[in-house]
Structures are given as structure tokens and as C-alpha cells.
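Position 1 is the first residue of the sequence; numbering continues from there. The model shown is predicted, which means the values in this text are computed figures rather than measured ones. Any value given below was found using the heavy atoms of this structure, including those in side chains, with hydrogens, waters and symmetry copies removed.
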Amino acid sequence: MKHIINILFTLLAFTVVTAQEISVQAPSSVYAGSNFTVRFVVNDQTRDFKGPSFKGFSTLSGPNVSSSSSMSFINGQASHSVQTTFTYILRADAEGTFNVDAASCTVGGKKISSRPFSVKVEKMSAQQQQQQAQQQQNSQPAAQPTQIDESTLFARASISNSNPWQGEQVIITYKIYTQVQVSQFAIDKLPRNRGFWAEDLTDDHQQVKQYYETIGDRRYKVAEIRRGALFAQESGRLTIEPLDLNVLAMVQRQRQRTGSIWDLFDDPFFNPQQAVERPLSTRPLTVNVRPLPHAPEGFGGAVGRFDVKGGLNLDQVKANEAISYRVTVSGSGNLMLIEAPKPQFPSVFEVYDPQIDDNIRKSDAGISGSRTFEWVLIPRSQGDFTIPALHFVYFDPATGQYVTREIPAQEVEVTKGDSRANATMKEEVRHLNTDINYIHPVTKLQTISKRESCSWLFWVLAALILAGEGVWAAYVQRRRKSEADVAGMKMKRATRLAQKRLRRANALLGTNSTESFYEEIYRAIWGCLSDKYNIPLSQLSRETVSASLQERQVNDVQQESIMQVLQDVDMARFAPGDPSQQMQQIYDEALNMIVNLV
């Protein structure tokens with residue numbers, strides 16, 4: 001009895017050890033064109049299972065999950081074991097030897113992996129093909145897959161708000177409704193969403209959310225396959241195009257009754273399931289977008305619910321030393337579309353373009369987080385200065401009103417800095433006339449003749465001084481006039497700012513920062529169009545751009561090229577294919593458009 005107990009405990013310990021492994025059940029060789037099964041078995045409860053890619057094979061079904069549990073009693077002690085199996089049905093498409101990577105999952109908080117393996121795909125001889133065909137002919141009568149109608153399996157798109165404000169965040173959800181088993185799906189064509197800024201909220205690392213829903217008198221299993229956030233960039237009646245996808249459904253094979261003994265086995269227990277591919281498409285959705293009310297001064301396009309904080313990092317600094325002024329906008333809404341506020345800094349401060357730092361989160365509820373703008377300031381004169389209060393204005397869709405948040409005025413004391421600095425201090429200029437140098441005594445005075453006092457050199461210098469003063473006065477007048485023309489200044493700097501943003505996008509080429517790349521491309525294109533044609537960013541849309549191009553009598557070829565670039569950028573973010581190649585193509589199109597923009 002003791003020996004038996006020891007053996008049982010040894011088996012129990014072995015079970016515990018193997019619970020931390022993933023075993024693989026797969027053939028070492030198969031024939032080209034044939035189907036085969038691969039199973040990953042875990043002797044425990046698992047989560048976060050991630051299967052291999054199966055390069056070289058077509059996945060017909062999987063992973064199909066099944067689990068079993070058993071209870072045993074040894075000397076009055078109960079033990080419980082669980083086994084989870086992940087099954088794939090594959091097809092061998094080509095001859096050769098193919099390596100299959102490891103599968104992984106989490107057991108008891110610990111990540112475990114299977115061992116990689118290889119499968120050799122051999123060519124079936126003519127004799128073997130003939131034997132296989134004969135066996136299929138002599139086997140049970142052919143089965144026909146059950147027909148799947150639109151009421152059994154369909155896809156549907158739903159939107160959280162069909163009457164939003166312009167710029168308001170709405171959530172769109174794509175679902176599959178089914179009364180049959182679905183093994184996998186693949187999206188063929190994403191909607192183009194013209195007139196919207198779109199952000200994908202789907203996490204590829206999480207399992208598809210599933211639940212049951214009753215429509216009429218029929219109960220469906222629902223799978224949420226995709227979720228996104230949409231921000232309307234124009235008002236009016238907008239259409240969300242359909243989402244096209246392919247679904248692989250597992251249906252019961254039903255035999256044709258022949259009056260033979262095989263009719264006795266016309267039962268689901270004896271009839272295997274067959275994978276049937278079915279294309280699905282959602283219906284287009286219509287959204288009525290309301291235009292925003294007349295915007296007050298200081299509105300920079302923010303729509304949602306936000307809070308704002310910030311100010312100077314120091315309240316005392318030496319002249320010619322850098323300080324920073326920071327503004328952080330946090331909340332939920334169109335954070336990525338918010339323009340930089342415009343603080344009023346003292347004229348003696350040298351101000352650099354703001355740096356933007358995004359901390360944006362994506363969840364099922366939409367886009368939230370914060371966007372920070374930071375200006376580097378260098379005071380060039382000493383004294384006490386005040387940065388006026390900053391008013392940040394946003395539109396709250398819940399109330400339909402504009403809301404103003406305030407950063408209080410900031411006081412900063414600038415003390416005397418390094419005397420070797422390049423800038424001339426105002427304090428030094430004020431005391432310049434009081435500085436008295438030592439006067440050397442003169443013992444003999446001489447009379448200067450009229451001719452000597454008015455030599456030709458004197459008149460040349462006088463003429464140059466007068467001409468220089470005239471040129472300087474003309475320059476100052478022209479500078480003041482150009483600074484007063486805000487629209488003209490924006491037009492002049494439009495291309496330069498757009499090219500600066502494109503350089504940031506160029507630095508992201510070849511990386512995995514696809515979202516950051518397209519954000520920089522969007523800012524470059526839309527910012528350039530806004531500054532070039534003096535269109536507020538909150539009113540910028542395809543229609544306003546098209547109207548401005550026609551008003552400026554831009555030729556039809558260039559108009560069509562600009563509108564095509566805007567369309568290509570919208571499509572490229574979610575288009576299938578090689579991301580790096582698409583990013584390079586979009587970058588080249590955007591650069592060519594901005595350089596040739598009139």
C-alpha cells in the first residue's frame with residue numbers, strides 16, 4: 001500500500017510539473033493540398049493564449065478552445081485537474097519544410113511557451129491521389145453544407161450618437177451577430193469615413209468581446225470585432241461607408257437521404273462540421289452633424305470636457321537665462337486636434353515655438369488623456385514682468401455651450417545676468433549717459449578753417465547716415481505693417497511650418513510609430529491649408545478648401561491633386577499592406593503638395 005501511495009503521489013507531482021508546459025500534437029509530415037490538425041494542450045486553466053502565425057499554411061479554423069476537468073480521491077484527499085486544448089485546422093498549400101513558432105499563454109500569473117516544431121509537406125504521388133479519390137467515392141454519401149441566411153449570420157455597425165456637434169467624439173462599434181459557430185474573420189475593406197477624423201480603439205492583444213443579445217424572438221451570440229472614435233470635421237449630413245469582411249463559419253454537414261443504412265447516421269454526432277466562408281458587410285450609417293455656435297475669442301477647436309493648468313516653472317530668473325511656460329489640457333475629446341494657446345509674453349522675452357507632448361489614452365469609452373504645450377522663454381532685460389492670465393476656451397457638447405478655463409497671471413522677477421551676454425540690458429542703456437570718462441587737459445587750441453570743417457569726407461559720411469536712417473525707417477514701417485497683417489504673416493510662414501512638421505514625420509519613417517507619423521502628416525497638411533487660405537482650423541474641411549482653391553482660380557489639375565492627397569491620407573491609416581511602404585508614399589505625396597501649393 002505504501003508503494004502504491006508513493007507511485008500515486010509521484011504521478012500527482014508529475015501532473016503539477018506538466019501543468020507548467022504546453023504540449024504540441026502535430027504531424028511531422030503531410031501531403032500538399034491536404035488538411036491536418038494541430039493541438040496545443042495545457043494541463044491547467046489558461047488565459048492570454050497567443051498562437052503561432054503558421055507561415056506556409058492556410059488556417060481554416062482556430063483556435064477552437066475546449067477544456068476538460070477530472071476529480072480523483074486518494075486516501076480521502078481530493079485532487080482536481082483541468083486540461084485546456086487549443087485546436088487549429090490547417091491546409092498545406094505548398095511543398096517544403098515549414099517551421100512553426102512557439103505558442104504562449106499565462107498560467108497562474110506565469111507566462112509559458114511551447115516548443116517550436118516543423119512540418120514537412122510532401123507531394124502526393126499519382127497512385128496515392130487515385131487511391132484517395134477512390135476512397136472518397138466509396139465512403140459515405142456526399143454531404144451538403146447547411147445554408148446560412150442573413151438572419152443567421154450578419155454584421156452590423158452602431159454609433160453612440162447620430163446627431164453630434166462638429167468635433168464631438170462619437171464611438172462606432174462593429175459587431176458580428178451569429179447563430180452558428182464562427183472560427184475566424186478577416187476585414188477586407190475599412191470604411192473611408194469622409195469628413196471625419198478617425199482613431200482606432202481596438203486592442204489587437206485583447207480577445208474579442210463576446211456576449212448574447214436578443215433581437216425580436218431570436219437569440220444571437222455577438223462579437224465586437226472593431227471599435228473606433230470619430231470626430232466630425234465638418235457639419236451637415238455625413239455618411240459612414242460599410243465595413244466589408246469575410247467570416248469562416250463552422251456549419252453542420254447534412255447528408256442527402258438515399259434510403260440506405262447511412263440514413264441512420266444522419267445525426268449531428270456522426271456528421272462532422274465544415275468550414276464555410278461567407279462575406280459580410282455592414283449597412284452605411286448617416287450622421288447629422290450640427291455646426292458649432294459662433295465661437296468666442298480664444299477658441300482653438302477643443303470640443304469635449306477639459307481642464308487646464310500650467311504657468312511658469314520659476315518666478316525669479318537672471319537675464320539671458322531660459323525659463324519655461326507650460327499649459328496642460330486634460331480631459332476627454334478631440335485632444336489631438338487642439339491648437340496651441342496664445343499666451344501674451346512681454347516684448348523683452350525671446351519666445352521659441354511651443355513643444356507638444358501628448359499623453360493620450362485609448363479605451364472602449366474613447367479618447368482621453370492630456371496634451372501639454374511648453375514654451376521656452378529667454379528674458380533679455382532685467383526688471384519685474386507680468387504674463388497676463390491665459391483663457392482657454394472649449395465647447396462642451398453635453399451643455400451645448402462654450403466654457404472658459406483660466407490660468408492666473410504670472411509674475412516673474414528678472415535680475416541682472418551675465419555682463420558678457422550678447423543682448424544689451426535696458427538698465428545699462430539708461431545709465432549710459434551718466435557714465436563720465438576722464439577728460440584729458442588740452443594745453444593748446446587751434447582754429448579750424450571753414451574749408452577743413454566741411455571736407456568731402458564729412459559730406460559723404462553725412463549722406464550715408466541720412467540714407468541709412470531712411471532705409472531703417474522704411475524697414476520698420478514695413479515690418480509693423482506686415483505684423484499687423486496677421487493673415488499675410490500666416491500665409492508667408494505656412495510652407496515653412498508645414499515643412500518643419502514634415503521633418504518630424506520623416507524622422508518617424510521606418511519606425512512602429514504609425515499613429516504619431518500620421519498625426520504629424522495631418523498637422524502639416526491641414527495647418528498649411530489653414531494658414532495659406534486664412535481658414536480657421538475649427539472651420540477647415542474639404543468643402544472650405546475646395547471653395548478657396550476655386551476662389552484663387554487654381555487650375556483643375558492641382559485642385560484634383562490636393563483633394564486626392566487628402567483622400568489618400570484618410571485611407572492609408574487603416575489600409576492593409578506594408579505600413580512602411582504606405583507611410584513613404586503618403587510622405588512623398590504630402591511633401592509634393594505642400595511645395596507646389598499656391
Those residues that, when tested against [X], pass side chain to side chain donor-acceptor pair (under 3.5 Å) (two or more places apart):
| X | answer |
| --- | --- |
| T328 | T372 |
| E350 | Y352, R380 |
| Q410 | none |
| D364 | none |

Can you name the residues that form a side chain to side chain contact (heavy atoms under 4.5 Å, CB included) with [X], not counting sequence neighbours?
| X | result |
| --- | --- |
| Q401 | T399 |
| R305 | D396 |
| L285 | A157, I159, I172, I240 |
| L377 | L312, I323, Y325, F345, F349, V351, W375, I387 |

R227 side chain to D200 backbone, donor-acceptor under 3.5 Å
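Side chain of R227 to backbone of D200, a donor-acceptor pair under 3.5 Å: no, none is there.
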
Say whether, by atom type as modelled, one donor and one acceptor occur between the side chain of T202 and the main chain of R226 under 3.5 angstrom.
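It does not hold such a pair.
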
Can you list the residues that meet the salt bridge (Lys or Arg N to Asp or Glu O under 4.0 Å) rule with E520, with sequence neighbours excluded?
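Counting only residues at least two positions away or on another chain, E520 forms a salt bridge (Lys or Arg N to Asp or Glu O under 4.0 Å) with R523.
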
Using the test salt bridge (Lys or Arg N to Asp or Glu O under 4.0 Å), find all partners of D244 that sit at least two apart in sequence or belong to another chain.
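With neighbours one apart ignored, the set is empty.
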
Just wondering, more than 12 heavy atoms not from D315 lying within 6.0 Å of its CG?
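Open: at most 12 neighbouring heavy atoms sit under 6.0 Å from CG of D315.
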
List the residues meeting ring-ring contact (aromatic ring centres under 6.0 Å, His included) with F306, not counting sequence neighbours, and say none if there are none.
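F306 satisfies ring-ring contact (aromatic ring centres under 6.0 Å, His included) with Y394 once adjacent residues are dropped.
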
Y174: partners by ring-ring contact (aromatic ring centres under 6.0 Å, His included), with sequence neighbours left out
none

What are the two closest heavy atoms between E168 and N161, and how far apart are they?
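Between these two residues, the closest heavy atoms are OE2-ND2, 3.6 Å.
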
